[in-house]
**Student:** 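Following this message is one structure expressed as structure tokens.
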Number of protein chains: 2
Amino acid sequence: MALPGRPHWSMDVNLKQLSRMLELSQTTVSRALNGYPEVAEETRRRVVDAARRHGYRPNPSARRLATGKAGMIGYVMPTGASVDIDPHFVEFLSGLGDYARTHELDLTLSPSTIEDEEMTYRRIVANKQVDAVYVSSPRPRDARIALLNDLGIPFIVHGRSEGLDFDYPFLDIDNEAAFHEAARLLIQLGHRRIALINGNADQTFAIHRERGLRRALAAGGVELPPHRVRAMPMTEENGYRAASDFLAARERPTAIVCSSLLMTLGVTRALRDAGLSVPGDVSLIAHDDVFPFLKPENFPVPLATTRSSIRAAGQRIAERLAARIAGVEDGARGEVWAVDLVVRASVAQVKG
Amino acid sequence: MALPGRPHWSMDVNLKQLSRMLELSQTTVSRALNGYPEVAEETRRRVVDAARRHGYRPNPSARRLATGKAGMIGYVMPTGASVDIDPHFVEFLSGLGDYARTHELDLTLSPSTIEDEEMTYRRIVANKQVDAVYVSSPRPRDARIALLNDLGIPFIVHGRSEGLDFDYPFLDIDNEAAFHEAARLLIQLGHRRIALINGNADQTFAIHRERGLRRALAAGGVELPPHRVRAMPMTEENGYRAASDFLAARERPTAIVCSSLLMTLGVTRALRDAGLSVPGDVSLIAHDDVFPFLKPENFPVPLATTRSSIRAAGQRIAERLAARIAGVEDGARGEVWAVDLVVRASVAQVKG
DNA sequence: GCCGAAATTCAAAGCGCTTTGACTGGCGGC
DNA sequence: GCCGCCAGTCAAAGCGCTTTGAATTTCGGC
């Protein structure tokens, strides 16, 4: 591949050179390009034009060194031999990227073990590697949030924490209402033995979902005994295990609410193994984060879901992060998205 | 949260300050820390010790500006409303992160549309934002590889391209051999009508898999007519469609080889819909990238697979990338990993 | 026709690090 | 006793940008 005449953005000119060509000082050129007011309009035009023609692009390292701004969003990514990144992360990333792409923002992933997490946050902040960070999968009293709050770097939490004695900016979906609705529907259909298969118990979203479910059940005068609740990482295998346990009980549930599509895969397998049908024997509702590669309508029996696009959340978070970096957004604004309840064939009136 | 006595790595000391404390020049301190030989051992000890005590951490921006080294691995992430990031990416990322974490390497994701891809690569290289990049999902004659080769930045391709007139470093699994083996097994078991459900036809891995399959079939004197091959994005839905088509044909296949577990989910659904059993009516072999959240042994009938951990590949690529950055590895070394064929209950002797 | 303010522009000082080139002192060799 | 050399050390120059503080020009007003 021959070099096709040095494409003009190939960064072969720096500020000094550019200013020399224009017979202006670096100061003026810099200001012209960064939109400062004290530059004559005529001059600015000349500068901007020349910059484009020569494909001038400020060196980010230099700029960062001088200003402290990085043009980067940071994410501390949990890793470790036994740590699995949530597959939801990919979809979230798609959304984040979608927005970031159009705003010259890159994303820095800093892998870290859980133990080193705090140190990693401190490092990326102290180093000014990133202008803002986002936090995912928050737990109650999440130490990361308190830390970032102290550190004073712009951040947004995807999800919510609880038990913190200060407010912070977040974007969350209304998990409680979602599962409340789901449970209410089941109760209306006459279900009394309802089971919950949830994500990890230390995650706020799981807590909220259980809370919503319980609230609806309580309102309907229905019990939720401990043996009808499971909370674990959201894999197919765990879904299978949990459901198998439920189904083996003397009084098996007539409905199962599940926190993830992947787990529900395991649930349907368990049902099949047990020779039970959906929704004849057991009704099913799951939460759907809207993956392109696995759709609830394509389950053996189309699956009723509480639905919220995790990708859209990624976009929105990028947008808000950008706004915070620019200083346009501040304060501890929390944003809670409503969740759709999508009824499909997997729920039915309870039998008998 | 009260500040717990300013943890010592909070980057409140820079090189100048540190050298002043030690009553040494910045030069010497810098050299001592970076392991240059012309520093007295005694001095080095003092310096290293003081650096640790004061939690000195070089400012990456400054270092980058001075050296051009970034301490970052880059990835140009395809995004767009209709672009879905491959869920495999998460697992790969876990592996990459696993290694990167222990080597002070961060990862920069630069979201980009397909059209802007080349420009994005050029930008991150020109800006010295990253020391090395990796390329995933290569296609034949992949323009990105040619570009990076020209640009002269260290890179590694995860997978392979074909039809390029130069060599380049890559890490790939032996997709051809894997599917060759799979097909050979099926032929040994008497299968003659074998179908293939593949990933996107423009991906090299898909091409290699089909090639391996064809080779084995040819050797066994078996045909692979076009109507028994499908190539499409690897979603559950597409797996279902492809399998449904196959099963609706006059002469339905007695065995299906599938490029992904996610697709195979759809395949088993189609089989169920058609009232067919595995392996009684149809044998199944799929490729398994080893996801924690979906395991072949947990399929309704345990699924035979060609297996290779995509996570391990991520680790290895990070390792090699680091080696290239350090100048320890160079040249166009290609690495091809063997793939295990794991036989499980989903394959059987053909009926009749 | 002169003055001070407003409008532009500039030179130079950083940002925190690496690296070049020069400068010490101590030591063996003749 | 002098020279050359080597091990250590240092001051200073850059990396490419922003920003401060000062200099220059312009211009309305009297």
Side-chain angles (χ1 to χ4, degrees), chain A residues 9-48 50-51 54-72 104 123-129 131, chain B residues 9-48 50-51 54-72 104 123 125-129 131 327:
Chain A
W9 28 257
S10 110
M11 180 67 194
D12 28 29
V13 53
N14 62 22
L15 186 61
K16 176 141 68 174
Q17 294 164 354
L18 187 63
S19 59
R20 196 143 42 204
M21 303 174 130
L22 285 161
E23 302 192 304
L24 283 171
S25 71
Q26 294 191 37
T27 310
T28 304
V29 175
S30 171
R31 285 191 165 141
L33 292 173
N34 292 313
Y36 282 64
E38 59 271 74
V39 175
E41 263 323 307
E42 150 75 21
T43 308
R44 187 191 306 278
R45 240 192 309 281
R46 265 182 65 219
V47 171
V48 168
H54 292 92
Y56 168 72
R57 283 195 141 283
N59 175 319
S61 302
R63 166 176 274 176
R64 187 172 318 174
L65 181 56
T67 62
K69 290 283 175 194
M72 293 252 179
E104 305 244 311
R123 170 170 65 82
I124 62 177
V125 170
N127 287 347
K128 306 233 164 99
Q129 281 185 66
D131 298 328
Chain B
W9 28 256
S10 106
M11 179 66 195
D12 28 30
V13 54
N14 61 22
L15 185 61
K16 174 139 75 174
Q17 294 164 356
L18 187 64
S19 59
R20 195 143 45 204
M21 301 173 132
L22 285 161
E23 302 192 307
L24 283 172
S25 72
Q26 295 190 35
T27 311
T28 304
V29 176
S30 171
R31 286 191 164 140
L33 292 173
N34 291 314
Y36 281 64
E38 60 270 76
V39 175
E41 264 323 308
E42 151 75 20
T43 309
R44 186 191 306 278
R45 240 191 311 280
R46 264 182 66 218
V47 171
V48 169
H54 292 91
Y56 168 73
R57 285 195 139 281
N59 175 318
S61 302
R63 168 176 271 175
R64 187 170 319 174
L65 183 57
T67 63
K69 291 283 176 194
M72 293 253 178
E104 305 243 311
R123 171 171 65 84
V125 170
N127 287 347
K128 307 232 164 95
Q129 282 186 67
D131 297 329

**Student:** Nearest whole Å is fine: how far is C:dG16 C1' from A:R63 CZ?
**Tutor:** 19 Å
**Student:** Nearest to the side chain of B:V39, which nucleotide is it out of D:dT9, C:dC17, D:dT19?
**Tutor:** D:dT9
**Student:** For B:E41, which contact category applies under a 4.0 Å heavy-atom criterion: base, sugar-phosphate, or nothing?
**Tutor:**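 The residue B:E41 makes no contact with any strand.
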**Student:** Any idea which of D:dG16, C:dT18, D:dC10 is nearest the B:N34 side chain?
**Tutor:**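 Side chain of B:N34 sits closest to C:dT18.
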**Student:** With sugar-phosphate meaning primed atoms plus P, OP1 and OP2, does B:T67 contact a base, only sugar-phosphate, or nothing at under 4.0 Å between heavy atoms?
**Tutor:** sugar-phosphate
**Student:** Take the protein atom CD of B:Q26 and the nucleotide atom P of D:dA13, then report the distance between them rounded to whole Å.
**Tutor:** 14 Å
**Student:** Nearest to the side chain of A:A62, which nucleotide is it out of D:dG21, D:dG16, C:dC17?
**Tutor:** D:dG16
**Student:** For A:Y36, is there any backbone N or O sitting under 3.5 Å from a side-chain donor or acceptor partner on A:N34?
**Tutor:** no
**Student:** Donor-acceptor pair, distance only, cut-off 3.5 Å: does the side chain of A:S19 make one with the backbone of A:L15?
**Tutor:**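 Side chain of A:S19 to backbone of A:L15: a pair is present.
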**Student:** Of the nucleotides D:dC15, D:dG21, D:dC17, which one has an atom closest to the side chain of B:A66?
**Tutor:**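 Closest nucleotide among those given: D:dC15.
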**Student:** Would you say D:dG8 has OP1 or OP2 under 4.0 Å from some side-chain N or O of B:T43?
**Tutor:**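 Indeed not, no polar side-chain atom of B:T43 lies that close.
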**Student:** Figure out the CG/P separation between B:L15 and D:dA11, and round it to whole Å.
**Tutor:** 13 Å
**Student:** Mark yes or no for whether B:R64, through its side chain, and B:K128, through its backbone, hold a donor-acceptor pair below 3.5 Å.
**Tutor:**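 No: the side chain of B:R64 does not pair with the backbone of B:K128.
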**Student:** Any side-chain N or O of B:Y36 less than 4.0 Å from the OP1 or OP2 oxygen of C:dT19?
**Tutor:**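 It does, given that an N or O in the side chain of B:Y36 lies less than 4.0 Å from OP1 or OP2 of C:dT19.
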**Student:** Phosphate oxygens OP1/OP2 of C:dG16: is one of them under 4.0 Å from a side-chain N or O of B:Y56?
**Tutor:**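 Negative; the distance criterion is not met.
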**Student:** Rounded to the nearest Å, what distance is computed from the CD atom of residue A:E38 to the P atom of nucleotide D:dT24?
**Tutor:**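 From A:E38 CD to D:dT24 P: 19 Å.
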**Student:** For B:E23, answer base if it contacts any base atom (sugar-phosphate contacts may also be present), sugar-phosphate if it contacts only those atoms, and nothing otherwise; contact means non-hydrogen atoms under 4.0 Å.
**Tutor:**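 Sugar-phosphate contact only - B:E23 comes under 4.0 Å of backbone atoms but never of a base.
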**Student:** Want to settle it: does A:L65 or A:T28 sit nearer the 5' end of DNA chain D, counting the closest nucleotide to each?
**Tutor:**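 Looking at DNA chain D, the more 5' nearest nucleotide goes with A:L65.
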**Student:** Closer than 4.0 Å, any side-chain N/O of B:S25 to the OP1 or OP2 of D:dA11?
**Tutor:** no
**Student:** C:dT8, D:dC17, C:dC10: which one has an atom nearest the side-chain heavy atoms of A:P58?
**Tutor:** D:dC17
**Student:** Taking atom C1' of D:dT18 as reference, at what distance in whole Å does atom CZ of A:R31 sit?
**Tutor:** 9 Å
**Student:** For the pair made of CZ in A:R44 and P in C:dA7, what is the distance, rounded to whole Å?
**Tutor:** 14 Å
**Student:** Consider the side chain of A:N59, meaning its heavy atoms from C-beta on, and name the nucleotide among D:dT19, C:dC17, D:dG16 that approaches it most closely.
**Tutor:** D:dG16
**Student:** If you look at every strand shown and take non-hydrogen atoms under 4.0 Å, does A:S61 touch a base, only sugar-phosphate, or nothing?
**Tutor:**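 Result for A:S61 = nothing.
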**Student:** Send over the distance from A:N127 CG to C:dC15 P, rounded to a whole Å.
**Tutor:** 17 Å
**Student:** Out of the candidates A:V47, A:V29, A:V13, only one should pair with A:Y56 under the side chain to side chain contact (heavy atoms under 4.5 Å, CB included) rule; please name it.
**Tutor:** A:V13
**Student:** Check whether A:N127 reaches the backbone of A:Q129 with its side chain - one donor and one acceptor, N or O, closer than 3.5 Å.
**Tutor:** no
**Student:** Rounded off to whole Å, could you give me the CG-to-P distance for the A:L18 and D:dT18 pair?
**Tutor:** 12 Å
**Student:** Give the nucleotide from the list D:dC17, C:dA12, C:dC17 with an atom nearest to the side chain of A:T27.
**Tutor:**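 Nearest to the side chain of A:T27 among the choices is C:dA12.
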**Student:** With a 3.5 Å distance limit and no angle check, can you tell me whether A:T67 reaches the backbone of A:R63 through a side-chain donor-acceptor pair?
**Tutor:** yes
**Student:** Any N or O donor-acceptor pair under 3.5 Å from the base of D:dT19 to the side chain of A:S30?
**Tutor:** no
